[in-house]
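Report on one structure; see the data block that follows.
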Amino acid sequence: MRIIVQKFGGTSVATAEGRQRAVRRVDQAVRDGYTPVVVVSAMGREGDPYATDTLIQLANAAYSDLAPREMDLLLSCGETISSVVMAADLRAEGLEAVALTGGQAGILTDDRFGNAQILEVNPAPMLERLRQGQVLVVAGFQGATESGEVTTLGRGGSDTTAAALGGALRAEVVEIYTDVDGVMTADPRLVPDARTLRVSSYDEIAQMAHSGAKVVHARAVEIAMQQRVPLRIRSTFSDGPGTLITFGPQAAGATWSELISNGPVTGITYVGGLAQVTLRNVREEQARVLFRSLADAGISIDLINFSPEGNSFCVAEGRADSALAILRGIGLDPVIRRGCAKASVVGSGMRGRPGVMATVVEALSGAGVTILQTADSHVTISCLVESTHLQRALIALHSAFGLGQLASA
Ligand code: ADP
Ligand code: MG
């Protein structure tokens, strides 16, 4: 059997028209001699009746004290509904489709409700059905514990489901269908001349995903890499090869000219909705408990800058008030700046290459964007900016590193 995993995101399955396009992709895979396994997300985005965000709002508005296991039971419904609807659409086209929950598909997780980790995928029940000619439609984003409790896998979880199934079933490829043509040099909603990457490496795309490119989830890319299964990100709505993610351009058969045209930067990413916290006069015993107290409250921090002159870091804006309360509780006097966003340039080509930071600073100052803070690793440089400057910052960086359509022509 040549197994292919095809995952359809929320916007792809939201409407009957989108699902028809998805059905055609599955049907084509069958015609091409593949045995498809379909993974679906919940239908639509915030505001749509069965979307995950809608279920979260339902819980928060009326039942804010739901136990984590019941919250997961509720949230998993979005994908379950979607799998049943999609299976029915496939049957209407004459395919013998069967809907499965994550647990029924053999996805075993730990019991960290809301952010469960996949421990194992038992491929046997799925392989048995596939041999009988069934097209499986698996509800993404969910699994089950050893004792049968339903769990969810955290944000972007359907991508993770697809990668994990691809690995367990030894699929030839995992296709992630979405509403853009592939992984692009920047989010096309903010940078109109963003270009689709034809091929890239797991490392690079995982890094872009970690620094905000939400087109594919980082954990899915990491699982695909561990399992050595290629990923292809492509559009449900238009034809095109999309982005192939594998061990590097060579592995994908890219030509030398495609390789050398790669500059230091592969893409520009962002994370919005941040608040910057600045602390002065932190005593040593306060420094010691500060991070632990935030961590114990489940508040993640980013862009951490600690020095004898002053200390700052960022938290999600939604957690800013809790962070402030905790910091005041240990006798600190935090200053907060809300309405911030982090813009990053990402690329394995910038390793050891001088001048990347210079280009970043020149591009941003040229666009009139104030840099509030920076952070870097060997493959990223991130700048904190005001949200109102974000789009301008992204466009300036994108053009400064020659990533636009014209640059590639
Ligand atoms: P799905 O519902 O299919 O999972 P997502 O909303 O999770 O879709 O991801 C697709 C969206 O990711 C696109 O609509 C686009 O706005 C956004 N996006 C952010 N960064 C990038 C990028 N670098 N390349 C492509 N899309 C991106
Ligand atoms: Mg997604």
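Atoms within a ligand are numbered from 1 in the order they appear, just like the ligands themselves.
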Margin query: Using a 4.0 Å cut-off to any heavy atom of G182, which atoms of ligand 1 qualify?
Written below: 24 (N), 25 (C)
Check: So is there a nitrogen or oxygen of R189 less than 3.5 Å from a nitrogen or oxygen in ligand 1?
Finding: yes
Margin query: Does R2 qualify as a cation-pi partner of Y34, given the criterion of NZ or CZ under 6.0 Å from the six-membered ring centre and within 45 degrees of its axis?
Written below: yes
Notebook entry, point to check: Would you say D159 and ligand 1 have an N/O pair spaced under 3.5 Å apart?
Noted result: no
Notebook entry, point to check: Got the closest protein heavy atom to atom 3 (O) of ligand 1, with its distance?
Noted result: T178 OG1, 2.7 Å
Margin query: Does the residue R45 have a heavy-atom contact with ligand 1, meaning some pair of atoms that are separated by less than 4.0 Å?
Written below: yes
Notebook entry, point to check: Under 4.0 angstrom from ligand 1, any heavy atom of G267?
Noted result: no
Next item on the list: Please indicate whether any nitrogen or oxygen in D187 is less than 3.5 Å from any nitrogen or oxygen in ligand 1.
Entry: yes
Notebook entry, point to check: Is it the case that D181 and S238 place a side-chain donor and acceptor less than 3.5 Å from each other?
Noted result: yes
Notebook entry, point to check: Is a salt bridge present between R45 and D179, judged by a nitrogen-to-oxygen distance below 4.0 Å?
Noted result: yes
Next item on the list: Classify the contact between V180 and ligand 1 as side chain, backbone, both or neither, using a heavy-atom distance cut-off of under 4.0 Å.
Entry: side chain
Item checked: Which residue and heavy atom of the protein sit nearest atom 24 (N) of ligand 1, plus the separation -> M184 N, 2.9 Å
Notebook entry, point to check: Checking salt bridge (Lys or Arg N to Asp or Glu O under 4.0 Å) against D239, which of R21, R234, R25, R24 comes through?
Noted result: R25
Checklist line | For D179, atoms of ligand 1 separated by under 4.0 Å from a heavy atom | finding: 10 (C), 11 (C), 13 (C), 14 (O)
Next item on the list: Indicate, as side chain, backbone, both or neither, the part of K7 found under 4.0 angstrom from ligand 1 when only non-hydrogen atoms are considered.
Entry: side chain
Next item on the list: Quick one: look up the protein heavy atom nearest atom 7 (O) of ligand 1 and list residue, atom name and how far away it is.
Entry: K214 O, 3.4 Å
Check: Considering only protein heavy atoms, which is closest to atom 27 (C) of ligand 1, and at what distance to one decimal place?
Finding: V215 CB, 3.7 Å
